[in-house]
Student: 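Got a structure for you, written out below as structure tokens; questions coming shortly.
Throughout, a chain's letter reflects where its sequence line sits, starting with A, and its residues are numbered from 1.
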2 protein chains.
Amino acid sequence: MSPRTADDKMSGESSTTADRARAAAGDRVIDAVLTASRLLVAVSARSLNEVEDSLTLPQFRALVVLASRGPLRLTHLAEHLAVNPSTAMRMAERLASAGMIDRSPNPENRRESIATLTEAGREVVEQVTTRRRDEITAIVERMPADHLDRLVEALESFSAAGGEPSAGYDPIPLGWQ
Amino acid sequence: MSPRTADDKMSGESSTTADRARAAAGDRVIDAVLTASRLLVAVSARSLNEVEDSLTLPQFRALVVLASRGPLRLTHLAEHLAVNPSTAMRMAERLASAGMIDRSPNPENRRESIATLTEAGREVVEQVTTRRRDEITAIVERMPADHLDRLVEALESFSAAGGEPSAGYDPIPLGWQ
DNA sequence: CACTTTGTTTGCATAATGCAAATCATGCCC
DNA sequence: GGGCATGATTTGCATTATGCAAACAAAGTG
């Protein structure tokens, strides 16, 4: 928002140049990550469709969250998916009627109900994950080996700088809306 | 698709180990890129909301495509967004009634109608882009400088290996959904 | 028991999506 | 020139995803 401040007027051209340099770096990075993201998205979508084309991507994300975090209250599921509780609720209904999850009230606390992955749900997640991992592996195999470590290192550094908690095996960005 | 071929049976354990190594590499990469993607998605969504919270992310993606490719036929817009023509059509309607784009029939060829960014649309894209670039720049500034080049290099290598056409300034993956 | 807190569910409204069928404007071929 | 294949847009239909706000329900508190 404010690449040009009062300071700029003092330092003149050099500051402007530095700004431009950083901006260019930002553009390059954003381009690179965006492209890589697209690739990953494409891979994920393809993997999902090959295994189960009746599930939508948001639904699959929900399954993945349940697979990695274990049974969750609807509220927490909603939080992990970064959606409104009502959205999570209705998604849960659909997933339940598709046999992918179970939704039973917690006996301890009858006001909350817990979503659990069914065996079918677990299998879908596993198959899609395997499929996806295979595709990624195939891509990675085509990369120069020495780029691999750098890639991971650089990406982690980037994420750390952005304050994003490292994502064990969480969602799939797909949510990009 | 075929990490295990007939050859595997000949080389025995070593091949299994290699497979595991590659798979692990794949997992690390996917984790890293996924995390970075999430960060980028978050940044994009935030930037968009700060500038214009009445636009949805898909709509904004459409504007970005128009900004980078220039006026497009609806069919082509749909292709660039990787959605069905009917989806693009209705999105175009909404964007038009929001004053972000113009939709006029091509005088040359009246069967096609062309979507053009309006001044308002261009401004939104520019503001959001600036905002986003600033945020990315801020993150990049916190990275060790020597990681930057590697990051770009490694990511490009990854995308190239996956056969993803380098994305000048295209969409935002958000579509993961 | 009245009041608050917390989690779930419903109502209401809008967007995004895909598929298939209906139009519409061209271009081309007898 | 009339009829047909083609390509592009538009409509109809159905489903999902979303958010917000209000209604509910189960605990917990004073």
Side-chain angles (χ1 to χ4, degrees), chain A residues 41 45 48-49 52-65 71-98 100-116 171-177, chain B residues 41 45 48-49 52-65 71-98 100-116 171-177:
Chain A
V41 172
L48 175 55
N49 279 335
E52 246 294 354
D53 64 346
S54 67
L55 285 184
T56 67
L57 224 24
Q59 285 172 354
F60 179 66
R61 283 181 63 208
L63 296 189
V64 170
V65 168
L72 285 179
R73 253 183 295 151
L74 289 185
T75 324
H76 287 164
L77 178 58
E79 275 164 16
H80 284 299
L81 294 172
V83 299
N84 198 293
S86 63
T87 301
M89 145 96 31
R90 286 179 258 238
M91 224 159 65
E93 274 170 18
R94 291 173 203 123
L95 286 172
S97 74
M100 296 297 170
I101 69 173
D102 256 354
R103 248 174 78 235
S104 42
N106 181 353
E108 313 281 310
N109 198 333
R110 260 173 320 177
R111 74 178 134 178
E112 58 195 41
S113 68
I114 302 185
T116 314
I172 309 176
L174 272 216
W176 297 102
Q177 163 59 17
Chain B
V41 173
L48 175 55
N49 279 335
E52 245 296 351
D53 64 346
S54 68
L55 285 184
T56 68
L57 224 23
Q59 286 172 353
F60 179 66
R61 283 181 62 208
L63 296 189
V64 170
V65 168
L72 285 180
R73 252 182 294 150
L74 288 185
T75 324
H76 286 165
L77 179 58
E79 275 165 16
H80 283 299
L81 294 173
V83 299
N84 197 293
S86 63
T87 300
M89 147 94 31
R90 285 178 260 238
M91 224 160 63
E93 276 170 18
R94 290 173 204 123
L95 286 172
S97 73
M100 295 297 171
I101 70 172
D102 256 354
R103 251 174 75 237
S104 42
N106 182 352
E108 314 280 312
N109 198 334
R110 259 172 320 177
R111 73 178 135 177
E112 57 196 43
S113 68
I114 301 185
T116 314
I172 308 176
L174 272 215
W176 295 99
Q177 145 56 3

Student: Take atom CG of B/N84 and atom P of D/dG12, then tell me their distance rounded to the nearest Å.
Tutor: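 In whole Å, D/dG12 P and B/N84 CG are 16 Å from each other.
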
Student: Okay, side chain of B/E112, backbone of B/N109: is any donor-acceptor separation there less than 3.5 Å?
Tutor: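 No: the side chain of B/E112 does not pair with the backbone of B/N109.
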
Student: In whole angstroms, how far is the P atom of D/dA17 from the CZ atom of A/R61?
Tutor: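 In whole Å, D/dA17 P lies 11 Å from A/R61 CZ.
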
Student: Please determine, for the side chain of B/N109, which listed nucleotide (D/dT18, C/dT26, C/dG7) has the closest atom?
Tutor: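 Out of D/dT18, C/dT26, C/dG7, the nucleotide with an atom closest to B/N109's side chain is C/dT26.
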
Student: Between atom CD in B/E93 and atom P in C/dT17, what is the gap in whole Å?
Tutor: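 Roughly 15 Å, once rounded to whole Å.
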
Student: Looking for any heavy atom pair under 4.0 Å, which part of the strands does B/S113 touch: base, sugar-phosphate only, or nothing?
Tutor: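 Since only primed, P, OP1 and OP2 atoms lie under 4.0 Å of B/S113, the category is sugar-phosphate.
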
Student: Can you tell me how far C1' of D/dG7 sits from CE of B/M89, to the nearest Å?
Tutor: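 After rounding, the reported distance stands at 13 Å.
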
Student: Rounded off to whole Å, could you give me the CZ-to-P distance for the B/R94 and C/dT17 pair?
Tutor: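 Taking atom P of C/dT17 as the reference, CZ of B/R94 is at 9 Å.
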
Student: Closest approach to the side chain of B/R103, judged atom by atom: which nucleotide of C/dT17, D/dA17, D/dT10 is it?
Tutor: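 Minimum distance to the B/R103 side chain belongs to D/dT10.
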
Student: Choosing from D/dT16, C/dA15, C/dT8, which nucleotide comes nearest the side chain of A/E112?
Tutor: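 Selected nucleotide: C/dT8.
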
Student: Within the structure shown, what part of the strands sits under 4.0 Å from A/R90 by heavy-atom distance: base, sugar-phosphate, or nothing?
Tutor: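 Result for A/R90 = base.
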
Student: Heavy atoms from C-beta onward define the side chain here; which of D/dA27, C/dT10, D/dA17 lies closest to that of A/R111?
Tutor: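 Output: D/dA27.
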
Student: Which nucleotide sits closest to the side chain of B/L74: C/dG18, C/dT10, D/dT10?
Tutor: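 Of the candidates, D/dT10 comes closest.
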
